Amino acid sequence: MQTVTLVPTKPIAGQKPGTSGLRKKTKVFSEPGFLENFTQATFNAIGDLNGKTLVLGGDGRFFNDTAAQTIIRMAAANGLSRMVVGQNALLSTPAASNLIRNLKADGGIILSASHNPGGPDEDFGMKYNVANGGPAPEAVTERIYAQTQIIETYRTMDTPDIDLSGIGDFEVGDMAVSVVDPIAEYLALMRTLFDFDAIRTMLSDGFSLCFDAMHAVTGPYAKAILVDELGAPAHSVRNAIPLPDFGGGHPDPNPVWAKELMNLMSGASAPDFGAASDGDGDRNMILGRGIYVTPSDSLAVLAANAHLAPGYAGGLAGVARSMPTSRAVDAVAANLGIEAYETPTGWKFFGNLLDAGKATLCGEESAGTGSDHVREKDGVWAVLLWLNILAVRKLSVADILRDHWRQFGRHYYSRHDYEGVDTDRANAMITALRDRLPALAGQAAAGMVVSVADDFCYTDPIDGSVSNNQGVRILFANGSRVVFRLSGTGTVGATLRVYLEHFEPDPENHDQDPQSALAPIIAAADELAGIAEYTGRSAPDVRT
Ligand code: G1P
Ligand code: ZN
């Protein structure tokens with residue numbers, strides 16, 4: 001048996017895991033002792049590892065493989081009984097969630113900074129998921145953080161790297177390591193949820209699609225499912241090989257970063273359906289020929305049509321959306337007579353609702369959609385549900401969307417991001433808004449009148465936990481809304497997010513450009529919050 005080494009280490013400032021684990025520059029994460037320190041803190045927070053099973057995998061970004069080997073050695077040195085690792089240390093976030101659930105594992109470690117760029121000069125990240133397959137709740141992340149502040153040693157052992165390139169079983173110290181196919185169990189789950197025959201028939205009848213994996217983790221999943229299983233031509237999946245630097249791009253499926261796909265979908269040779277996913281495979285973007293489906297609209301359309309897929313044929317128990325997500329799905333829920341829950345930003349807030357069977361579908365405006373099939377958002381799942389719906393309804397994406405707006409009205413929506421803003425200025429702006437909340441009601445700005453203004457506070461209906469200060473929301477008398485909050489996932493300065501929404505019931509007005517339809521709210525938002533004044537910017541960096 002190999003000897004365990006206790007390596008002295010010291011608390012490292014700033015290791016505070018946020019909504020999606022800890023994200024840092026790769027240079028920071030790979031400093032001697034940093035990854036080790038955070039890993040040990042995580043193990044300490046879990047407690048006795050003897051008898052436990054953990055899942056491990058990542059999105060393939062730079063440092064993924066080295067980090068996996070380090071974590072495997074440390075897990076063995078900490079007395080873990082079994083580690084189940086994705087081949088080549090790859091696992092999409094939803095596939096990891098599924099594996100944790102299927103294996104009844106005690107949790108899992110996912111190596112990813114999601115949609116942030118990767119590479120030696122870009123970002124790396126690590127998050128811990130718990131036994132239900134979902135992100136660690138705040139109590140657990142706080143425990144991890146507390147450990148990073150008092151840690152004195154980390155445990156490791158001097159064992160050679162194990163071969164992660166094939167499937168197989170190994171031993172590291174006394175720990176059993178199984179290297180597994182990262183796709184097989186995920187594919188098996190998708191087969192139970194969707195009518196693959198219907199999708200196959202649609203594709204063989206000439207329906208064309210393009211899935212852009214953005215050189216990130218979903219490439220192998222999309223190839224296995226869309227091409228090998230469902231029969232789409234091989235060229236339907238592009239940028240399919242995961243690269244350590246994602247080919248130099250931002251693996252973020254939105255109109256800005258997935259420009260190539262946007263161009264294709266608006267061009268003369270656009271396929272019927274386009275989609276993209278992010279670094280770790282939990283986000284999605286949906287496009288039709290010449291049309292972009294906002295994530296908020298996508299959630300609403302999926303909720304209204306989910307019963308057409310076998311996995312949801314019995315209907316939905318309820319739906320949930322993050323507070324800044326548009327209220328389009330609320331209209332569907334009202335029509336279906338089911339509950340629509342409004343939660344703070346971050347997938348972890350859906351976990352309790354899903355576990356309790358109160359919500360079946362959930363989603364966020366930031367391109368995350370998912371269901372109770374796992375405890376993470378799931379990009380490939382969203383694509384398959386859309387394809388299932390298209391195969392049954394036999395309408396184009398654009399027609400499905402227009403039809404939806406006709407029935408429920410259109411919620412024009414956009415998010416404006418101001419990135420790398422001076423942290424003090426950004427905080428000052430939010431604080432000033434908070435201080436003025438009671439005074440805002442009744443105030444007019446840019447021709448609009450504020451009806452209610454508050455700072456979103458959420459009480460979890462299952463465990464009663466309270467989350468304060470989740471975003472300033474301002475409702476206008478005409479039903480429009482603006483929400484202000486600061487990002488919790490950025491790595492440089494502060495990112496101010498401004499979420500804009502305008503409801504338009506009249507189908508005659510459903511063909512406007514979103515930025516024009518939202519112009520009055522954009523002006524009112526700036527006037528009320530003083531965005532230009534505080535940020536020193538005259539326009540947002542990114543509009544999605
Ligand atoms: C962002 C998104 C949020 C998502 C999170 C993790 O967080 O806005 O919806 O859950 O990434 O993917 P933010 O940077 O806004 O805190
Ligand atoms: Zn992600």
Side-chain angles (χ1 to χ4, degrees), residues 16-23 57-61 91-97 110-118 123-127 129 134-136 141 213-214 216-218 221 242 246 250-254 257-258 276-285 294-296 299 320-326 342-351 362-370 374-382 413-421 426 430 456 467 469-471 483-499 540-542 544:
K16 196 157 179 89
T19 35
S20 333
L22 183 72
R23 289 184 201 168
D59 64 11
R61 70 180 59 225
L91 275 177
S92 76
T93 287
S97 181
I110 302 172
L111 304 173
S112 173
S114 190
H115 50 284
N116 295 11
D123 293 353
F124 191 77
M126 170 167 160
K127 67 173 172 172
N129 280 29
T141 54
M214 305 189 84
V217 78
T218 52
Y221 292 85
F246 306 118
H250 274 239
D252 196 359
N254 64 40
W257 296 115
S277 190
D278 75 328
D280 61 330
D282 55 0
R283 293 187 172 195
N284 74 87
M285 175 171 79
T294 68
S296 295
L299 175 63
R321 63 165 172 83
S322 67
M323 181 273 282
T325 303
S326 99
E342 185 176 38
T343 61
T345 296
W347 205 261
K348 65 182 177 187
F349 291 101
F350 295 133
C362 32
E364 294 193 277
E365 52 67 42
S366 54
T369 342
V374 288
R375 290 295 179 274
E376 289 277 4
K377 53 196 175 224
D378 189 345
V380 172
W381 168 90
Y413 190 82
S414 181
R415 186 178 95 188
H416 290 188
D417 289 338
Y418 298 78
E419 295 173 344
V421 176
I430 297 289
F456 182 55
S467 307
N469 299 339
Q470 296 298 314
V483 173
F484 299 88
R485 64 177 280 281
L486 298 180
S487 156
T489 61
T491 49
V492 186
T495 296
L496 166 68
R497 303 202 194 284
V498 184
Y499 308 83
D541 297 282
V542 182
T544 49

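In listed order, ligands and their atoms are each counted from 1. This structure is a prediction, so every number in the text was calculated from the model and none was measured.
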message: Taking the side chain as everything from C-beta on, heavy atoms only, tell me whether Arg415 gets closer than 4.5 Å to Ser366.
response: yes
query: Do Val217 and Ser92 come within less than 4.5 Å of each other through their side chains, counting heavy atoms only?
result: yes
statement: Which atom of Asp278 is nearest the Zn ion (ligand 2), counting N, O or S only? It is OD2
task: Name whichever N, O or S atom of Asp282 ends up nearest to the Zn ion (ligand 2).
output: OD1
Proximal atoms of ligand 1 relative to [X] (non-hydrogen, under 4.0 Å):
| X | value |
| --- | --- |
| Arg415 | 8 (O) |
| Gly488 | 13 (P), 14 (O), 16 (O) |
| Glu364 | 3 (C), 4 (C), 9 (O), 10 (O) |
| Ser366 | 2 (C), 3 (C), 4 (C), 8 (O), 9 (O) |
| Gly346 | 10 (O) |
| Arg497 | 8 (O), 13 (P), 14 (O), 15 (O) |
| Lys377 | 4 (C), 6 (C), 10 (O), 12 (O) |

query: Without hydrogens or angle criteria, can the side chains of Asn129 and Ser97 be said to hold a donor-acceptor pair below 3.5 Å?
result: no
Test your reading of the structure: does [X] have an N or O sitting under 3.5 Å from an N or O of ligand 1?
| X | value |
| --- | --- |
| Leu486 | no |
| Ser114 | no |
| Thr345 | no |
| Tyr499 | no |
| Arg283 | yes |

- request: Taking only Lys NZ, Arg NE, NH1 and NH2, and the carboxylate oxygens of Asp or Glu, determine whether Glu365 and Arg497 approach each other closer than 4.0 Å.
  value: no
task: Could you tell me whether Arg321 and Glu364 have a side-chain N and a carboxylate O separated by less than 4.0 Å?
output: no
task: Measure the CD1-CZ distance between Ile430 and Phe484 for me, rounded to the nearest 0.5 Å.
output: 7.5 Å
- line: Output for pair (Ser414 OG, Tyr499 OH), nearest 0.5 Å, gives 11.5 Å
- line: Here the vertex angle at the Zn ion (ligand 2) for OG of Ser114 and OD1 of Asp280, given to 10°, is 110°
query: Quick one: does ligand 1 sit under 4.0 Å from the side chain of Lys127, the backbone, both or neither, non-hydrogen atoms only?
result: neither
task: Measure Ser487 to ligand 1 on non-hydrogen atoms and call it side chain, backbone, both or neither using the 4.0 Å cut-off.
output: both
query: Between the main-chain N or O of Glu419 and the side-chain N or O of Asp541, is there a donor-acceptor pair closer than 3.5 Å?
result: yes
query: Would you say Asp278's side chain and Arg283's backbone share a donor-acceptor pair under 3.5 angstrom?
result: yes
message: Once you measure the plane-to-plane angle for Trp257 and His250, does it fall in the parallel (<30°), tilted (30-60°) or perpendicular (>60°) bin?
response: parallel
message: I need the single residue from Ser322, Cys362, Pro135, Pro344 that forms a side-chain contact (heavy atoms from CB on, under 4.5 Å) with Phe349. Which is it?
response: Pro344
field: N/O/S atom of Asp59 inside 2.8 Å of the Zn ion (ligand 2), strictly under
entry: no
